[in-house]
Amino acid sequence: MKAIRRFTVRTVLPEALAPLGRLALNLRWSWHPETHDLLASIDPDAWRASGGNPVRLLGAVPAERLAELARNRRFLRELRLVDGDLTDYLRGDRWYQRRLAAGRELPEAVAYFSPEFGIAAGLPQYSGGLGILAGDHLKAASDLGVPLIGVGLLYRHGYFTQSLSRDGWQQEHYPVLDPDELPVEPTPITVALALGEARTLHAKVWRARVGRVPLLLLDSDLEENGPGEREVTDRLYGGGGEHRLRQEMLLGIGGVRAVRAFCALEGLPAPEVFHTNEGHAGFLGLERIREAMAADAEPKKGGEASFAAALQAVRGGTVFTTHTPVPAGIDRFDRQLVRREFGGGSAAPTLPGVPVEEILALGAEDWPDGDPHLFNMAAMGLRLAQRANGVSRLHGEVSRAMFAGLWPGFDPGEAPIASVTNGVHGPTWMDPLVREMGAWEIGAGPVDAALVHGARAEDETWDGVRRIPDADVWRLRRTLRALLVEEARERLRASWRARGAGSAELGWIERVLDPDVLTLGFARRVPSYKRLTLMLRDRERLTRMLLHPERPVQIVVAGKAHPADDGGKRLVQELVRFADDPAVRHRIVFLPDYGMGLARRMVSGCDVWLNNPLRPLEACGTSGMKAALNGCLNLSVRDGWWDEWYDPAFGWAVPSADGAAADGDPEARDAAEAEALYRIVEEQVAPRFYDRGGPEGLPTGWIAMVRETLALLGPKVLAGRMVREYVERLYAPAARAHRALAADGGAGAAGLAAFLERARTAWPAVRVDHVEAVGGPLRLGAALNLRVRVALGRLAPSEVLVELVSGRVDEDDRIVEPVRAALHAEEAGGDGGRPLYTGRLTLDRTGPFGYTVRVLARHPLLASPAEAGLVAVPSADAVPVDPTMLR
Ligand SMILES: *Cc1c(COP(=O)(O)O)cnc(C)c1O
């Protein structure tokens with residue numbers, strides 16, 4: 001029988017166990033092994049059954065067991081210890097507070113928005129890397145004391161769980177998640193937003209505790225909502241355009257309203273910086289524009305509320321992170337749909353006072369090959385944020401080229417998109433066994449303990465480093481491998497049962513995988529660019545590798561295809577069918593339902609982490625970083641983070657055949673890269689792993705790579721490093737910009753908006769009229785004196801920057817690696833005048849060299865040269881041929 005209504009009866013803990021309630025509701029248990037172990041010890045079977053969710057665990061433990069624990073002195077002592085530890089963790093000063101004390105100007109608070117958060121397996125609100133990264137960002141911010149507030153949605157069905165049909169086709173299940181059984185708490189906050197066609201979307205706000213960081217989750221499953229609105233937060237990345245758009249309106253607009261209410265309720269300072277993790281939450285900028293316009297239009301000021309000034313005020317305090325160079329990864333909506341949902345023309349628009357035409361302009365693809373019918377969330381993200389970044393050095397470069405159309409007239413390299421390479425949260429992803437043995441002491445390299453043990457001072461180093469013997473390192477690696485083998489067998493058995501096999505058929509699973517065989521791991525979502533099945537290109541060769549008599553290889557594979565992606569599901573099926581073959585099934589397994597729990601086991605238990613995306617489509621990739629934290633070596637195409645930090649001491653690079661060799665032919669490219677992959681495994685990876693010529697029969701060369709990876713790569717890939725970079729390079733400047741723009745009741749923003757308006761109107765008259773270079777001979781060390789006449793129309797010399805740009809030129813005379821230097825105004829221009837600028841160009845390099853002169857708009861509140869989108873360069877006749885230059 002089906003229940004007509006469901007609810008969860010919360011348990012009442014005996015007085016002595018009261019701290020358990022608090023421990024269960026702070027997700028810090030998920031990265032604090034002592035708390036984790038204590039919770040699991042309450043009832044190990046119920047803990048497993050709860051899926052790693054202490055709230056559900058406490059609801060399932062019989063009252064007798066609780067009464068017994070309330071009398072157990074050892075348990076109570078442990079409980080007091082971890083409870084006290086949590087109190088200390090939540091209170092003490094950390095890196096951020098020390099920075100403030102040292103006089104750094106930092107934001108009072110930062111709001112961090114993301115469509116998904118992967119914090120723990122027991123709170124399944126993520127689909128893949130973007131969500132896990134967001135979770136790691138919150139955890140590292142908590143460890144560092146950064147005053148961050150996370151904002152997301154609470155999906156009633158989360159993301160799907162994956163199983164397989166008998167013939168290997170992905171099956172999706174959407175479990176019902178009852179918030180009363182999740183590690184979240186209700187708040188009294190509700191938000192409402194008007195949608196098109198006179199509908200209203202209501203949502204209530206839940207709060208999760210991620211260490212010191214509050215995470216607000218909006219939930220539309222409320223009786224006040226109509227059936228359509230009620231389902232807005234039903235699942236992550238489900239449904240079509242309209243559904244997605246409403247989710248994103250709730251996240252961005254409802255999210256800002258939730259943050260405002262939460263800060264008021266808790267007496268917290270208002271965020272000065274808003275960070276949007278990928279474009280999905282970008283509407284947060286529009287809501288803040290509405291706020292600014294409403295404040296400005298108050299009768300006491302009497303003035304006309306200006307969209308342009310509000311836009312500038314908001315941009316300064318906004319940071320946008322783009323996460324993908326894959327067009328399908330960017331949300332684009334039909335413009336008519338956006339117009340309708342924002343209530344264009346209706347009496348009750350979503351954002352009263354904000355012209356819908358302005359909203360549409362922010363998402364317009366108004367570059368040459370853009371689609372005029374679409375609203376692009378990444379374009380809006382970039383226009384609404386004064387600071388933006390990609391997530392690895394290579395991805396920053398790719399993003400600048402990809403979005404260059406937003407800044408016409410500038411080189412792609414000047415697009416104001418920086419990069420902060422992703423990181424992973426050490427205490428979450430480093431196996432406790434690696435940590436216990438002393439993580440980087442294994443490498444005896446420079447140790448930054450705080451980055452692993454978030455609780456410690458960042459500048460404290462680890463004294464008395466000792467070098468752990470090779471034999472111990474090797475034993476640790478074997479233990480981790482054996483744990484993976486054990487878990488793989490368990491999961492495989494469960495999978496085969498679900499596929500309809502009886503126990504009698506499954507005896508072979510006891511012999512699946514071998515704790516002494518070289519183990520490769522491959523696990524990630526299954527979009528086509530990640531090429532799950534590249535390893536299957538030459539099945540015979542792969543089979544020979546798996547069954548090699550002396551140097552066998554075994555492979556553990558996992559990954560979910562998006563429910564709407566049949567192509568991805570076919571790849572999963574292809575892999576599953578190969579792995580089902582009795583000839584190889586003991587050496588290659590596909591484990592269903594990839595999630596954080598399985599990821600942790602795989603990244604620690606594998607010897608080599610495989611990654612073979614189509615370069616440069618992997619923006620960063622983080623699973624290989626998690627592997628590195630456990631001494632698992634990387635074997636990857638040089639894409640994302642691996643392009644930046646690859647070193648032969650840490651693993652192997654699969655050469656990318658994206659150049660002439662494959663000649664744009666995807667088949668040829670796959671073939672070449674698969675061939676390289678096989679060859680590296682056969683000729684380098686396996687021989688090194690099985691070379692037992694060292695003392696005590698150990699693979700000394702391999703162990704040395706494990707040490708290097710732990711000691712030298714480990715510190716770079718940490719989320720603590722990433723969050724500190726965000727604070728220093730993006731949040732701090734954004735907070736300063738926000739303050740400057742907001743000063744004097746927004747006079748800064750109004751002044752900048754007025755300047756930009758004037759500069760845009762005046763710009764058609766701005767020209768570089770004449771350039772003269774005197775000097776020579778053109779020899780290293782010589783200098784040219786430049787005299788430049790510019791026309792500034794109605795602008796004053798103080799409002800422009802006239803600069804000399806020079807550097808090596810390529811065969812098309814384009815300046816590569818440009819160096820910029822300001823020229824000096826010699827005479828004032830005045831209205832209609834043509835001021836003279838001068839400067840000196842030193843020829844400090846040999847070979848092909850070139851220069852140009854250009855005029856840019858200048859204002860102290862602009863953050864980068866391309867930002868205003870205004871540039872004037874010399875026309876062809878402005879540069880007379882100078883005979884001295886020809887010699
Ligand atoms: C780390 C992680 C990812 C992201 O891995 P990539 O290498 O970036 O593809 C996806 N899913 C889970 C469960 C993870 O733990």
Side-chain angles (χ1 to χ4, degrees), residues 30-31 51-52 114 116-137 139-140 158-162 236-237 277-278 321 323-326 329 390-392 394-395 421-431 491 520-532 534 556-562 568 591-606 608-630 632 634-645 651 717-719 722:
S30 68
W31 72 91
S114 174
E116 47 172 315
F117 284 94
I119 294 158
L123 186 55
Q125 299 286 321
Y126 61 91
S127 82
L130 182 72
I132 311 272
L133 177 83
D136 282 2
H137 195 103
K139 292 172 187 174
Y159 199 55
F160 71 93
T161 58
Q162 179 197 47
L236 176 56
Y237 303 146
N277 188 41
E278 193 43 277
T321 301
H323 282 268
T324 178
V326 181
V391 292
S392 68
L394 177 63
H395 179 237
T421 304
N422 284 165
V424 295
H425 185 240
T428 298
W429 296 107
M430 184 183 280
D431 191 279
R491 285 178 180 258
L520 271 53
F522 184 103
R524 43 187 58 86
R525 292 179 303 110
V526 191
S528 57
Y529 78 86
K530 294 197 185 233
R531 293 190 295 188
L532 168 71
L534 188 73
V556 182
V557 187
K560 292 179 177 179
H562 186 280
L591 304 179
D593 206 29
Y594 184 50
M596 290 183 74
L598 179 54
R600 280 171 69 149
R601 189 48 76 213
M602 285 183 69
V603 295
S604 58
C606 289
V608 174
W609 197 253
L610 182 60
N611 189 22
N612 46 40
L614 278 169
R615 187 180 191 272
L617 298 184
E618 185 73 274
C620 178
T622 50
S623 55
M625 295 177 159
K626 302 167 193 167
L629 282 188
N630 290 284
C632 169
N634 275 275
L635 166 56
S636 171
V637 167
R638 280 187 74 155
D639 200 2
W641 74 278
W642 191 237
D643 182 62
E644 201 165 324
W645 289 328
V717 300
L718 288 171
M722 167 183 77

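Any value given below was found using the heavy atoms of this structure, including those in side chains, with hydrogens, waters and symmetry copies removed. Counting convention: from 1, in listed order, for ligands and their atoms alike.
- The shortest contact between atom 8 (O) of ligand 1 and any protein heavy atom is with Thr622 N, 2.9 Å.
- Any N or O atom pair closer than 3.5 Å counts here, and Lys530 shares at least one such pair with ligand 1.
- From Leu614, atom CG reaches atom OG of Ser528 across 7.5 Å, with rounding to the nearest 0.5 Å.
- Given atom 12 (C) of ligand 1, the protein heavy atom at minimum distance is Tyr594 CE2, 3.5 Å.
- The existence of a salt bridge linking Asp431 and Arg601 is confirmed by a sub-4.0 Å separation between a basic side-chain nitrogen and an acidic carboxylate oxygen.
- At a 4.0 Å heavy-atom cut-off, ligand 1 does not touch Phe522 at all.
- For the pair Arg524 and Phe522, the cation sits on the ring face: its NZ or CZ lies under 6.0 Å from the ring centre, inside 45° of the axis.
- Nearest non-hydrogen protein atom to atom 7 (O) of ligand 1 is Ser623 OG, 2.4 Å.
- Checking side-chain atoms of Gln162 against main-chain N and O of Asp593 turns up a donor-acceptor pair under 3.5 Å.
- Between Glu618 and ligand 1, no N or O atom pair is found at a separation short of 3.5 Å.
- The OG atom of Ser127 sits 6.0 Å away from atom CZ of Arg525, with the distance rounded to the nearest 0.5 Å.
- Separating the CH2 atom in Trp429 from the OG1 atom in Thr622 is a distance of 8.0 Å, to the nearest 0.5 Å.
- Counting protein heavy atoms only, atom 13 (C) of ligand 1 is closest to Gly595 C, 3.5 Å.
- For ligand 1 and Ala599, the ligand atoms under 4.0 Å from any heavy atom of the residue are 15 (O).
- Looking from atom 4 (C) of ligand 1 to the surrounding protein, the closest heavy atom is Gly129 CA, 3.4 Å.
- With Tyr159 as the aromatic partner, Lys560 does not meet the cation-pi criteria of under 6.0 angstrom to the ring centre and within 45 degrees of the ring axis.
- Every atom of ligand 1 with a heavy atom of Gly128 under 4.0 Å away is listed here by number and element: 10 (C), 11 (N).
- With rounding to the nearest 0.5 angstrom, the NE2 atom of His425 is 12.0 Å from the NE2 atom of His137.
- What sits closest to atom 2 (C) of ligand 1 on the protein, heavy atoms only, is Lys626 NZ, 2.4 Å.
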